[in-house]
Amino acid sequence: MIESHNTKGLIFNVQYYSIHDGPGIRTTVFMKGCPLKCLWCQNPESQRLQREIFFELEKCTGCGICVQACSEGAIELFEGRSRTNRKKCSGTGRCAEVCPVEARKIMGRSVTAKEVFEEVARDALFYQRSGGGVTLSGGEPLAQPRFAVSVLKLCKDAGIHTTVDTCGYASWDTVQQVLSYADLVLYDFKHIDPAEHKRYTGVSNELILDNARKIYHELAIPMLARVPIIPTYNDSADNIKATTQFISSELGKNIKVHLLPYHRLGETKYERLEKMDLAVLIEPPAEEQMLALQEIVQSFGLEAVLGG
Amino acid sequence: MNERVRKLKERLQVDKYPICVEKSLLVMESYRQTEGEPEIIRRAKATANYLDKKTIFIEDDELIVGNVASKPMGLEAGSLGPTWPEKELEELRQGGLELSAQDEMKLRAMDDYWTGKGRTLWERMGLYYDDERLWPFIQSGILLPPWEKKNEGRGHGAAGVGWGLGVGLTLIVVDYEKVLHEGLNKLVAEAEEELRNLRYTTADSIKKADFLQAVITANKAIVRLAHRFGDLAEEMASKEISLNRKKELERIAETCRWVPGNPARTFYQAMQSFWFIWMMIASGTTAGGRFDQFMYPFYKKDKEKSSITDDEALELLECLRIKIMQYNFVGGNKLQRDKWAGLARWNNFVIGGVTPDGEDATNELSYLILEAAKDCRTPHPTITVRVHEDTPQDFMLKALELGRTGIGMPAFVGDKSYIEYLVANVVPLREARDYSLGGCLDAMLAGKSRTSAIGMFLVPRVFEIALNNGFDPRTGRQLGPKTGDFENFKTFDDFMQAFKEQLAHFMSLTAEEHNILLQAQRELYPDPVHSLLMVDAIKEGKDVLDRTLPFENGSVLNPVGMINVADAMAAVRKLVFEEEKVTKEELKDALAANREGYENIRKMCLAAPKYGNGDAYVDMIARDLYQFWADTTATFYSIYGAKMKASGISITAHGPGGAITGATPDGRYAGENLADGTVSAAQGRDIHGPTALLRSAMAINQAPYQSTLLNMKFHPSALRSAEDLGKLATLIKTYFDCGGKHVQFNVVDRNTLLDAQKHPERYRDLIVRVAGYSAYFVQLTKAVQDDIISRTEYML
Ligand code: SF4
Ligand code: SF4
């Protein structure tokens, strides 16, 4: 893959002092675009590989300035507030610039690999002491492979530890090329059953599990397993058992498993994206349930951590 | 917390703090009899009169004894000035204080003695405030709070406990070791010896005689007081039915008859001795010094003999925390009280750090002190952890575990930067390594320095004035020199130059104010108790305010709101001079109108680079401003002949300071709070997390400052696991390695605080940290509460 400093990518956040995305103090680059459509997605703003408008309804005064500013005719006034036709919107961000009360924000920033690297390198001092580095997350880093490789390579050349947080859904070719620049992989296991996986995320998990085996055995990159715990979707003891079974027998017993309880912080984001129809209401799992699931993982002889 | 401590702690919860007038009456009784005698002798006699006659009691369950006010949880009305005027008193009554009408009359009867005779600090200072130059400046509020009347200063009336208000507003860390290891009797004997050998050959030698006499009189009285407690304990023991308590009382009796007159022989005696001294110097700012260091030999000896367990040591440490909680302090007029955010206290105990040899100083006691604070959960005294390269990770974790409880302590300070600062000020390295803290964070040497870090200078007020060619829109006066109309500046640098000229002008007036204040204190408040606990006290033979000390940081200049000005300058540079999006006239109009009708300009101002995000554009401006402040400060001299020092603590001045400052181009509305701390970001303006904030802070050269203050607020989710805490520890160490001086954390979530505002009754023991000290959240003023809530929360 041709990597270059000037390769462009679309990201939606650079989060400094990330302490739950790998070892040490890290900077997490959230990339936009994801091949999966998890029903419970807590980062809906990461799904599309395109800039989008975040709209805070309660701030909007209905002044109509944005309606005038939009070259795509994507905005109309409705019940005293603005409303965006998401199909028409091409993500110019004009409306966000003109809105006097900051009811509109543009999600997504187009940057070169070099630019991202420079932002990441600012915290080099903190990485050094803490054994931290950069984490590419998303969205799905593998969805922008050239950009991901370019960023990772720049970081590695500068001696910065690299981690990629991935759902593993990409061709082996892509996986191999990107991850060969990763010092650590955070691998997501959303459901172990192929049919259920397809039902909840839109794709089957066969490729994902296959890639996991190859990453672990062929590329021999250290791996942490991340299992989101989403009540009623994948939180059954059976699923966690089967998932752990897969990890311990097909991968290795030295893999640490992070059980990530569902949180509701994503709920407001659906509203901001005017995608309320896609929002699902899920109660976060109770502490006791998390502890019980932790025990299951431990019973396989694997280390299990609650949270990041 | 064991049962005893739990019971003691329960008694701390009172709805109103009673004000006790006993001390005022006893002091006045003495003062009326000593009119005309040397001031220091009068102080000594008043001390003795007060200590010999004060009401004493020992409360149930107490192991460390010694009441200060005459009533439990009482505050002693100030004895060195008039009472609060009616209006202020009423407000205090509405707040947390209780004063009976009868006692009020007794206090009022004494007001006459104090007023109109140049006997109060404010009256003394007012004498020098000529109408042309200094008085308009003092009224302007650039130095907070603005004075309204020449003879009332920051307002009359104060209440606290202890005899420690004696040195006015000066901060001192006394040399506790002297008392603990040698005992007062020996020191008094030395003073007697010195007096016998004294020959009256110079003016100084005659003053020395007064000093020595005063030291002897006052300190003998302290030992007598301890004996009174001993007698009381014995009497109580004889009547006690419970065998256990009887034994405890007998031990108390024996202890109080031994210390502080004699050297402490056990950890228990050392704790009691410490408390007796503390009572004598107690004020809102009395510091605990390097407590884990000077108490350690006693602990170690007991442990070696197996005569104490860690549980027992812990219990005593907790009893001391309770003791310190039993007194409070409130003083001045409303603005002054707002500045100090209610019952503010800065009783700082310092632990950890390096020894004079440069080795790690952490010991078992350091851990126990943290444990006591975690266990007993009182906001006072506060704890500061000195951090150096080799501070054990376990100790960092232990300290952060305490921080995680949301109690608002400990604060962390960097040995590297502090020691370098002291060495740069010609303090020998071994002594520098033994530094301690006065007030919140000011670098101090126990017994070898005193500082006066109370002047809060509002930099954004000067920005307003610079924007108006020296004219102050608030007071309607031409306060500063004419440095040019904003509209006529061709370049940003020209404007910056004009601002600096204004700043230097007002700094020089502040330096004068500080000197007047120091001299007034020096004349009014000699103090034989503090003075004895200074280095070479007897040989030197001078009051602590009347001598030049080895590390002379007697006067400091302290900027507030510098970060607002850095942000404002960045906005002006970018919008007005570089991009020309806003004209100079528009900007001035928008500020004058508090941006009403100029929302667009405010939006642009807000979007300009902000300090706290690691953005060099504005960070370099902040760096330049702080450097200018430090350099300019070093051109002024205090009355002690030493260069003034730069310090960077804002305490809570950013609230009331903001209230009297107009709109600024950083996007702040008129009246809104100024940025808190000194290297913290303005509230809510740092949006890239803690490392970005630290990068900004590291861009500032903190070396010439004897303190800087950086607040960070963490949501508990950032501090869940030991691993999280380990990362935070690394963050702290990295900052300190790169010149950082201080960092403190607020660990609490926003919703809790909002709810606490609505339902204070449910959150009586919710503790937060406000710039250098901890307080019960519900006791803070609304503005301070709002401020805490608005600080950026790092949701992780
Ligand atoms: S982002 Fe651009 S296209 Fe989309 S609504 Fe706003 S102005 Fe219109
Ligand atoms: S410009 Fe802003 S406030 Fe006005 S209608 Fe559009 S979103 Fe609402």
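Lettering follows sequence order; numbering is per chain, from 1.
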>> Could you go through A:Arg129 and B:Asp737, starting from their C-alpha distance and side-chain angles, then the distance that decides it, and tell me whether this counts as side-chain contact (heavy atoms from CB on, under 4.5 Å)?
In response: CA-CA 11 Å; A:Arg129 265 182 177 264; B:Asp737 195 38; 3.5 Å; yes
>> Is there a side-chain contact (heavy atoms from CB on, under 4.5 Å) between A:Phe126 and B:Thr730? Walk through the geometry before answering.
In response: CA-CA 8 Å; A:Phe126 297 101; B:Thr730 311; over 6 Å; no
>> B:Lys727 vs A:Tyr17, test: side-chain contact (heavy atoms from CB on, under 4.5 Å). Steps then yes/no.
In response: CA-CA 9 Å; B:Lys727 291 179 185 183; A:Tyr17 198 67; 4.2 Å; yes
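Contacts of B:Leu694 with chain A are made by side-chain atoms alone, with heavy-atom separations under 4.5 Å and no backbone atom involved. Using a 4.5 Å cut-off between heavy atoms, A:Glu97 contacts chain B through its backbone alone, with no side-chain atom that close.
Side chains of B:Asp724 and A:His20 form a contact here, defined as non-hydrogen atoms less than 4.5 Å apart. Residues B:Glu599 and A:Val101 have side chains not in contact (no heavy-atom distance under 4.5 Å, counting atoms from C-beta outward).
Summarising the local packing, CD of B:Glu596 is surrounded by 12 or fewer heavy atoms from other residues, nucleotides or ligands at distances under 6.0 Å. When the shell of 6.0 Å around NZ of B:Lys603 is examined, it contains more than 12 heavy atoms from other residues, nucleotides or ligands. Under a cut-off of 6.0 angstrom, the local environment of CD in B:Glu723 is sparse, with at most 12 non-hydrogen atoms contributed by other residues, nucleotides or ligands. Within a 6.0 Å sphere centred on NZ of A:Lys59, heavy atoms belonging to other residues, nucleotides or ligands number more than 12. Within a 6.0 Å sphere centred on CD of A:Glu287, heavy atoms belonging to other residues, nucleotides or ligands number 12 at most. Enclosure of atom NZ in B:Lys588 by more than 12 non-hydrogen atoms of other residues, nucleotides or ligands within 6.0 angstrom is indicated.
Summarising the geometry, atom NE2 belonging to B:His688 is positioned 11.0 Å from atom OG1 belonging to A:Thr27; distances are rounded to the nearest 0.5 Å. Distance CD1/A:Ile19 to CG/B:Leu719: 7.0 Å, rounded to 0.5 Å.
Looking at A:Leu125, A:Asp123, A:Ile25 one by one, the single match for side chain to side chain contact (heavy atoms under 4.5 Å, CB included) with B:Thr734 turns out to be A:Leu125.
With A:Tyr16 as the aromatic partner, B:Arg695 meets the cation-pi criteria of under 6.0 angstrom to the ring centre and within 45 degrees of the ring axis.
Ion pair B:Arg602/A:Glu102 not flagged as a salt bridge, since none of the NZ, NE, NH1 or NH2 atoms sits closer than 4.0 Å to an Asp/Glu carboxylate oxygen.
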